[in-house]
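See structure below.
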Amino acid sequence: MIDISGVRTGLFIGGEWLAAQDTFTTHNPATGAPLVELGAASTADVDAAVAAATAAFRGEWGATAPSAKGALINKLADLVERDLDELAALESIDMGRPVGVSAAMMVPNLIGSLRYYAGWADKINGELITNDGYMGMAPTHAYTKREPLGVVAAIIPWNAPLMILGWKLGPALACGNTVIIKPAEDASLSILKFAELVAEAGFPAGTVNVLPGRGAVAGEALSLHPGVKKISFTGSTATGRRILQNSAATFKRTALELGGKAPQIVFEDANLEAAIQGCAIGLFMNQGEVCAAGTRILAHRSVYDAVVDGLKGAAQAQVVGDPFDPATTMGPLVNASQRDKVAGYLKKGADEGAQVVAGGSVPDVPGYFVEPTVFAGTNEMTVAREEIFGPVGIVIPFDSDEQAVALANDNEYGLSATIWTRDLSRAHTVSGQIESGAIGVNGWSPLAPQLPWGGVKSSGIGRELGYEGILAYTEPKTVTIVL
């Protein structure tokens, strides 16, 4: 457990900590007890943050040399690395993930993203363009330059706050933008601590602002504000649609990483031990509260029984409990509402005739716990169609490559997919046929700062990470000089 009494709970605007007029209370997901009272940003607070970010963009941050921007981002990464254990603990007490996973995966991913984009800060260039001249009368010298957008709003989800913060903040700052961060109501503590590190690193006031609060107030105001030039949102598809509608009024750029129902295809030639282990990771990692969770396991009929038995064993081997207990492999879900939602899917699966292979119930204990659950059934069942966002998966048989691809694509989502096979030709062929933004072969959901990430269909629009992240936070400007 961690002492959270020293963590700031107000609003970080223009380099200062301000008290909010309204507050809200969060709860410890492992116990259900009240955890902390946080400031709730108002529409007026959003106006103040946009004004501070605009002033920084037009002023000191805008005038900061690219190499100096990169140095500041690297310094911030150093501070995150110094305080890794505290940040990991804050995130785990907030949203329930085992603290060892937070320390080994989530915070290091943030550090990696910051360092990767720090290196880009002085390497963002346009290009010289050869052309036919000015109306056939005179030659021209034409070139493009990539310019920052201005004020960017980053709306962060509760399932992986620090990791996804890095995906948005790193490229936005490297490109010269200023940022307003809106953390999720249920998981703000680690980002509020991060704001303290921003101040310690020495970023100009207003470069980075943090507004805890309710999505229906602060998030809505950010998506409607004419001074915000881009919204980068990770969260539910329904909220993403709302943000897209709001952004249309001011023609904001948007990047929306939304829901998923990722297939994991286990072919008959797969290394079954590795595939079962990998499918279990994709199914149970982060309590299944992952947009890319591999919850539809499509298994060739010849290995179907082995996959079902293997995942049954993996589910039963999970140690569900206190996220600060070293023995715990799966913590609670983030809140009571999410637990109840997942419980509803457990009932729905059983009611529709899915075979309960493992789990299938909600423990009668304090906190928001759910048993890791494996169903066996068909792709038509609700638990195979809808995003559950909990440790619940379904194993579905197939008989041919063509059927596997058809089943994988028969869903509204298209964020990611995993293929388990030893056949390189099959891996390339099937990867090209699956409607998804990212494919992992013989490994679930590979993530790295260098690899673009984002979905298709109802999983969203736009890309984060890699060089795509640089393109996403800049606008090309064409300059043509008639000679």
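Below, each value reflects all heavy atoms present in this structure, side chains not excepted, and no hydrogens, waters or symmetry copies. Computed from a predicted model, the values in this text were never measured in an experiment.
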(request) Check whether any side-chain N or O of T328 sits under 3.5 Å from a backbone N or O of P323 as a donor-acceptor pair, and report yes or no. (result) no

(request) For atom CD of Q277, decide whether the heavy atoms of other residues, nucleotides or ligands shown that lie under 6.0 angstrom number more than 12. (result) no

(message) Minimum heavy-atom separation for T237 and G259, please, with both atom names.
(response) OG1-N, 3.3 Å

(request) Could you tell me whether the side chain of S92 and the main chain of A89 form a donor-acceptor pair under 3.5 Å? (result) no

(request) Taking all non-hydrogen atoms of both residues into account, name the closest pair between G260 and S459 and its distance. (result) CA-OG, 4.0 Å

Please list, one pair per line, the donor and acceptor atoms closer than 3.5 Å that link side chains of residues 179-198 to other protein atoms, with sequence neighbours excluded.
unit_1, atom_1, unit_2, atom_2, d
K182, NZ, G213, O, 2.9
E185, OE2, G215, N, 3.0
D186, OD2, N335, ND2, 3.0
S188, OG, A184, O, 2.7
S190, OG, E91, OE1, 3.2

(request) Give, for atom CG of D94 and atom CD1 of I2, the distance between the pair rounded to the nearest 0.5 Å. (result) 10.5 Å

(message) A side-chain contact here means heavy atoms from C-beta on lying under 4.5 Å apart; do E200 and R82 qualify?
(response) yes

(request) Would you check, one step at a time, whether the test side chain to side chain contact (heavy atoms under 4.5 Å, CB included) holds for C279 with W444? (result) CA-CA 7 Å; C279 285; W444 168 74; over 6 Å; no

(message) Let's go through Q318 and E371 carefully: what are the C-alpha distance in whole Å and the side-chain angles of both, what is the deciding distance for side chain to side chain contact (heavy atoms under 4.5 Å, CB included) to 0.1 Å, and is it a yes or a no?
(response) CA-CA 9 Å; Q318 299 297 317; E371 287 186 345; over 6 Å; no

(message) Just so I know, are the side chains of F203 and I73 near enough to count as touching, which here means a heavy-atom distance under 4.5 Å?
(response) yes

(request) Would you indicate whether the side-chain heavy atoms of N74 and L114 approach each other to under 4.5 Å? (result) no

(request) Return the minimal non-hydrogen interatomic distance between V151 and V50, and the atom names on each side. (result) CG2-O, 4.3 Å

(request) Before giving the answer on side chain to side chain contact (heavy atoms under 4.5 Å, CB included), spell out for L149 and T474 the whole-Å C-alpha distance, their side-chain angles and the decisive distance to 0.1 Å. (result) CA-CA 6 Å; L149 305 175; T474 56; 5.6 Å; no

(message) Are the side chains of L333 and P29 in contact, using a 4.5 Å heavy-atom criterion?
(response) no

(request) Would you please say whether a donor-acceptor pair under 3.5 Å links the side chains of S42 and D45? (result) yes

(message) So that I can tick it off, tell me whether E81 and R115 are bridged by a salt bridge, with the cut-off set at under 4.0 angstrom between side-chain N and carboxylate O.
(response) yes

(request) May I have all residue pairs that pass side chain to side chain donor-acceptor pair (under 3.5 Å) and include part of residues 53-63, sequence neighbours excluded? (result) none

(request) Taking S436 for its side chain and I439 for its backbone only, find out whether a donor-acceptor pair lies under 3.5 Å. (result) no

(request) Please tell me if the side chains of P212 and L11 come closer than 4.5 Å, counting only heavy atoms from C-beta onward. (result) yes

(request) Please confirm whether the backbone N or O of S236 pairs with a side-chain atom of T239, one donor and one acceptor, at under 3.5 Å? (result) no

(request) Enumerate the residue pairs fulfilling side chain to side chain donor-acceptor pair (under 3.5 Å) with a member in residues 155-175, sequence neighbours excluded, ordered by first and then second residue. (result) N109-W167, K168-S232, K168-T234, K168-E464

(request) Name all residues meeting the ring-ring contact (aromatic ring centres under 6.0 Å, His included) criterion together with Y413; count only those two or more places apart in sequence or in a different chain, and write none if there are none. (result) none

(request) Please lay out, stage by stage, how Y345 and E386 fare under the test side-chain hydrogen bond (donor to acceptor under 3.5 Å, both in side chains). (result) CA-CA 9 Å; Y345 279 108; E386 299 179 9; 2.6 Å; yes

(request) Indicate yes or no: at least one non-hydrogen side-chain atom of I419 is less than 4.5 angstrom from one of S431. (result) yes

(request) May I ask you to decide whether K477 forms a salt bridge with E147, counting only side-chain N to carboxylate O separations under 4.0 Å? (result) yes

(message) Using the rule given for side-chain hydrogen bond (donor to acceptor under 3.5 Å, both in side chains), can you reason through K252 versus T250, listing the C-alpha separation, both sets of side-chain angles and the distance that settles it, and then say yes or no?
(response) CA-CA 5 Å; K252 283 180 179 58; T250 52; 2.7 Å; yes

(request) Could you tell me whether a side-chain N or O of R8 sits under 3.5 Å from a main-chain N or O of W17, the two making a donor and an acceptor? (result) no

(request) Find the distance between CD (E387) and CG (L415) and round it off to the nearest 0.5 Å. (result) 9.0 Å

(message) Walk me through whether K261 and T295 qualify under side chain to side chain contact (heavy atoms under 4.5 Å, CB included).
(response) CA-CA 6 Å; K261 194 68 179 176; T295 55; 3.5 Å; yes

(message) Testing the basics here: between A262 and A292, what is the closest heavy-atom pair and its distance to 0.1 Å?
(response) CB-O, 3.6 Å

(message) Let me confirm one number: the CG-CD1 distance from L256 to I231, rounded to the nearest 0.5 Å.
(response) 9.0 Å

(message) A side-chain contact here means heavy atoms from C-beta on lying under 4.5 Å apart; do V320 and P372 qualify?
(response) yes

Enumerate, atom names and distances included, each donor-acceptor pair closer than 3.5 Å involving a side-chain atom of residues 118-128, sequence neighbours excluded.
unit_1, atom_1, unit_2, atom_2, d
W120, NE1, Y116, OH, 3.1
K123, NZ, G119, O, 2.5

(message) Check whether R463 reaches the backbone of G469 with its side chain - one donor and one acceptor, N or O, closer than 3.5 Å.
(response) no

(message) Within this structure, what is the CG-CG distance for the pair D78 and D83, rounded to the nearest 0.5 Å?
(response) 11.0 Å

(request) With the side chain counted from C-beta on, respond yes when N409 and N411 share a heavy-atom pair under 4.5 Å apart, and no when they do not. (result) no

(message) I'd like to know if the side chain of N177 reaches the main chain of A172, judged simply by a donor and an acceptor atom lying under 3.5 Å from each other, with no hydrogens or angles considered.
(response) yes

(message) On a heavy-atom basis, which atom in S458 and which in R241 lie closest, and how many Å separate them?
(response) OG-NH2, 3.5 Å

(request) State the CD1-OG1 distance between I297 and T418, to the nearest 0.5 angstrom. (result) 9.5 Å

(message) Quick one: does any side-chain atom of D325 pair with a main-chain N or O of D322 as donor and acceptor, under 3.5 Å?
(response) no

(message) Between E435 and K457, does any NZ, NE, NH1 or NH2 come within less than 4.0 Å of an OD or OE carboxylate oxygen?
(response) yes

(message) Side chains of E257 and W453 only: does a donor on one sit below 3.5 Å from an acceptor on the other?
(response) yes

(message) Under a 3.5 Å distance rule, please check whether Q287 uses its side chain to pair with a backbone N or O of G331 as donor and acceptor.
(response) yes

(message) Please find the pair of heavy atoms, one from K145 and one from V479, that lie closest to each other, and give the distance.
(response) CD-CG2, 4.4 Å

(request) Calculate, to the nearest 0.5 Å, the distance between atoms OG1 and CG belonging to T178 and L173 respectively. (result) 8.5 Å

(request) Using modelled atom types only, decide if a donor and an acceptor are shared between the side chain of Y117 and the backbone of G112 within a distance under 3.5 Å. (result) no

(message) For R97 and S102, which I'm curious about, is there any donor-acceptor pair between the side chains at under 3.5 Å?
(response) yes

(message) Show every side chain to side chain donor-acceptor pair (under 3.5 Å) that has at least one partner inside residues 21-41, sequence neighbours left out.
(response) D22-R214

